[in-house]
Amino acid sequence: MLTAAKDFARDMAIGAAPRWLSLLGWSGTGKTHLARGISRFFKANASVYIDPETGAHLSRRGGFIGWRKIIDHLRDGDYEIMHAVCDDWFVALDDIGAERASDFSVSKLDQIVDARLGKWTVITCNFTRQQIADHMDVRIASRLGRGNNVTVDNINVLDYSTRSHKEVA
């Protein structure tokens with residue numbers, strides 16, 4: 001998982017063809033931590049670039065956002081968030097499927113996933129790819145593995161909170 005995240009950040013920084021990194025599996029395994037780290041790396045190292053023709057310093061939009069926050073905005077009638085999430089150069093989309101899936105939320109996720117094809121994207125989810133297909137939408141699960149996209153599936157290690165605390169006697 002860590003190697004995949006480092007490779008993704010390196011490729012983004014050197015200007016490789018855009019792709020996705022999907023981190024899928026149990027809660028507490030570090031998926032969100034890595035997605036936030038890649039987002040910080042983007043802001044520090046890849047959000048500004050020099051246009052080769054003009055030499056101008058240009059900015060790229062992007063960052064980290066939780067799926068539940070997107071759903072809350074949409075339910076409140078704020079559809080501008082869809083433009084940002086669909087169009088930004090880089091997006092780390094955290095915890096898809098964390099809300100109780102509805103036709104509305106799955107439809108909006110499908111719309112975002114379709115719009116993000118060919119753009120730098122990190123997705124985290126507590127489901128495996130098969131569970132995404134079973135509980136959300138088979139098209140979404142299929143897109144996770146399309147082209148050069150990398151999926152780290154079924155991450156199955158102890159929850160960080162249970163590994164990091166010592167028993168107090």
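Two different hydrophobic clusters hold Leu58 and Phe42 under the rule that ILVMFWY side chains link at heavy-atom gaps under 4.5 Å. Cluster annotation: Ile96 and Val138 are assigned to distinct hydrophobic clusters (Ile/Leu/Val/Met/Phe/Trp/Tyr, side-chain heavy-atom contacts under 4.5 Å, transitive). Residues Met82 and Val91 share a hydrophobic cluster, clusters being chains of Ile/Leu/Val/Met/Phe/Trp/Tyr side chains in contact below 4.5 Å. Following chains of ILVMFWY side-chain contacts shorter than 4.5 Å, one cannot reach Phe127 starting from Leu23, and the two form parts of different hydrophobic clusters. Criterion: ILVMFWY side-chain heavy atoms under 4.5 Å apart, direct or through other members. Under it, Leu74 and Met136 are part of a common hydrophobic cluster.
Between Lys43 and Gly63 the shortest heavy-atom distance is NZ-CA, 4.2 Å. Closest approach of Trp20 to Lys119, counting heavy atoms only: CD1-O, 3.3 Å. When all heavy atoms of Pro18 and Gly118 are compared, the closest pair comes out as CB-O, 3.3 Å. In terms of heavy-atom proximity, Glu53 sits nearest to Asp51 at N-OD1, 2.7 Å.
Residues Arg143 and Arg146 form a side-chain contact, since some pair of their non-hydrogen atoms from C-beta on lies under 4.5 Å apart. For the pair Arg40 and Phe64, the minimum side-chain heavy-atom distance is 4.5 Å or more. Using a 4.5 Å heavy-atom threshold, the side chains of Leu144 and Asn149 count as separate. Residues Ile38 and Met12 meet the side-chain proximity criterion, which asks for heavy atoms closer than 4.5 Å. No side-chain heavy atom of Leu21 sits less than 4.5 Å from a side-chain heavy atom of Leu34. Proximity of Phe8 to Val122: side-chain heavy atoms (C-beta onward) are separated by under 4.5 Å at one or more points. Considering only heavy atoms from C-beta on, Ser39 comes within 4.5 Å of Phe90 through its side chain.
The one candidate from Leu93, Ile132, Asp114 that meets the side-chain contact (heavy atoms from CB on, under 4.5 Å) condition with Leu109 is Leu93.
In this structure, Lys108 contributes its side chain and Ile71 its backbone to no donor-acceptor pair below 3.5 Å. Checking side-chain atoms of Asp137 against main-chain N and O of Arg139 turns up a donor-acceptor pair under 3.5 Å. Judged by distance alone, the side chain of Arg116 and the main-chain N or O of Asp88 form a donor-acceptor pair under 3.5 Å.
The 12-atom threshold is exceeded at CZ of Arg10, counting heavy atoms of other residues, nucleotides or ligands nearer than 6.0 Å. More than 12 heavy atoms of other residues, nucleotides or ligands shown are found within 6.0 angstrom of NE2 on His135. Annotation for Asp103: atom CG does not count as buried by contact number, only 12 or fewer foreign heavy atoms lying within 6.0 Å. In this structure, Asp7 places its CG atom where more than 12 heavy-atom neighbours from other residues, nucleotides or ligands lie under 6.0 Å away.
Side chain to side chain, Thr128 and Asp153 fail the donor-acceptor criterion of an N or O pair below 3.5 Å.
The CG atom of Leu24 sits 12.0 Å away from the CD atom of Gln130 when rounded to the nearest 0.5 Å. In this structure, Asp95 CG and Ile123 CD1 are separated by 12.0 Å, a value rounded to the nearest 0.5 Å. The distance from the OG atom of Ser105 to the CZ atom of Arg68 is 12.5 Å, given to the nearest 0.5 Å. Between Ile140 atom CD1 and Ser22 atom OG the span is 11.5 Å, to the nearest 0.5 Å. Note: Ser47 OG to Trp89 CH2 = 9.0 Å, rounded to the nearest 0.5 Å. We find the OG1-CG distance between Thr32 and Asn126 to be 7.5 Å, quoted to the nearest 0.5 Å.
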Check the pair Glu80, His73 against side chain to side chain contact (heavy atoms under 4.5 Å, CB included), reporting the backbone distance first and the verdict last.
CA-CA 9 Å; Glu80 285 300 311; His73 277 270; over 6 Å; no

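Residues forming a side chain to side chain donor-acceptor pair (under 3.5 Å) with Arg36 (at least two apart in sequence, or on another chain): none.
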